[in-house]
Trainee: 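Could you have a look at this structure, given as structure tokens, before my questions?
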Amino acid sequence: MLSLTRTAAAPPPPRSRPSLIRWLAASVGAVGTALTDAGDVTTSKYAWGYAVRREWSNGSHDLFGFTSDKGEAERSLTRDQSYWRRGPVRPVAVYVVAANASAVEQHAVDGCRSASCPDSPKRGELR
């Protein structure tokens, strides 16, 4: 169920254009409409996009770099691969996965071993 809450009632709109613009600006600031009981759909918490997943030889992985743009995620992937390519310790695999913003934000920093983390490179892509 979706419900709207309002903090103040707005007067009816004026007929002249300059007055209408001022009325709209005042109404948007005064009304302060908020969505409730809708799972916080107004936040980016439930946004889907792409993240970079880095697999390590001990079975742990890192998930980072959430973005809604696949091109930007692929650029992050290229940067990460070039960084680890020169070092003595290298990840087993680094790839882009489709991920939820909250999953990436709440992901463990020190290396995660959870099987529920996003790990399919082609999942969520349109064909």
Side-chain angles (χ1 to χ4, degrees):
M1 179 176 156
L2 181 66
S3 60
L4 293 174
T5 58
R6 293 177 182 252
T7 56
R15 296 197 185 262
S16 69
R17 186 175 181 94
S19 298
L20 179 63
I21 292 171
R22 283 192 301 275
W23 176 82
L24 284 172
S27 297
V28 170
V31 173
T33 303
L35 292 172
T36 58
D37 298 332
D40 290 332
V41 294
T42 57
T43 66
S44 62
K45 184 176 177 179
Y46 298 102
W48 279 89
Y50 301 94
V52 178
R53 182 178 167 119
R54 188 187 303 136
E55 302 267 345
W56 295 100
S57 59
N58 66 357
S60 65
H61 63 269
D62 301 324
L63 191 65
F64 63 94
F66 176 81
T67 179
S68 60
D69 182 28
K70 187 171 183 185
E72 188 175 332
E74 288 174 348
R75 286 189 295 278
S76 294
L77 172 69
T78 304
R79 278 194 305 270
D80 195 65
Q81 286 173 331
S82 66
Y83 174 81
W84 290 102
R85 187 173 297 130
R86 293 182 227 111
V89 178
R90 296 181 189 134
V92 175
V94 182
Y95 51 93
V96 174
V97 294
N100 185 309
S102 64
V104 176
E105 186 176 302
Q106 296 171 358
H107 198 268
V109 177
D110 295 1
C112 176
R113 293 177 187 247
S114 176
S116 64
C117 293
D119 66 348
S120 298
K122 299 289 185 183
R123 182 177 176 205
E125 290 186 10
L126 296 173
R127 295 181 189 224

Trainee: Working to the nearest 0.5 Å, report the span between CG of D69 and CZ of R75.
Mentor: 6.0 Å

Trainee: Can you measure from CZ (F66) to CH2 (W48) and round to the nearest 0.5 angstrom?
Mentor: 9.0 Å

Trainee: Taking side-chain hydrogen bond (donor to acceptor under 3.5 Å, both in side chains) as the test, write out the residues that go with H107, two or more places apart.
Mentor: H61

Trainee: Once you round to the nearest 0.5 Å, how far does CZ of R53 lie from SG of C112?
Mentor: 8.0 Å

Trainee: Identify which one of T67, V94, V52, V96 satisfies the side chain to side chain contact (heavy atoms under 4.5 Å, CB included) criterion when paired with S76.
Mentor: V52

Trainee: Only counting residues at least two apart or in another chain, list the ones meeting salt bridge (charged side-chain N to carboxylate O under 4.0 Å, His left out) with E72.
Mentor: none

Trainee: For S114, enumerate each residue passing the side-chain hydrogen bond (donor to acceptor under 3.5 Å, both in side chains) test, keeping only those at least two apart in sequence or located in another chain.
Mentor: S116

Trainee: Which atom pair, heavy atoms only, marks the closest approach of V104 to A99?
Mentor: CG2-CB, 3.8 Å

Trainee: State which residues pass side-chain hydrogen bond (donor to acceptor under 3.5 Å, both in side chains) with Q81; sequence neighbours excluded, sorted by chain then number.
Mentor: none

Trainee: Scan for salt bridge (charged side-chain N to carboxylate O under 4.0 Å, His left out) pairs involving residues 79-95, sequence neighbours excluded, and state none if there are none.
Mentor: R54-D80

Trainee: Among Ile, Leu, Val, Met, Phe, Trp and Tyr joined by side-chain contacts under 4.5 Å, find the other residues sharing a cluster with W84 and list them by chain and number.
Mentor: W56, Y83, V89

Trainee: Report the residues that fulfil side-chain hydrogen bond (donor to acceptor under 3.5 Å, both in side chains) with S60, sequence neighbours left out, ordered by chain and then residue number.
Mentor: N58

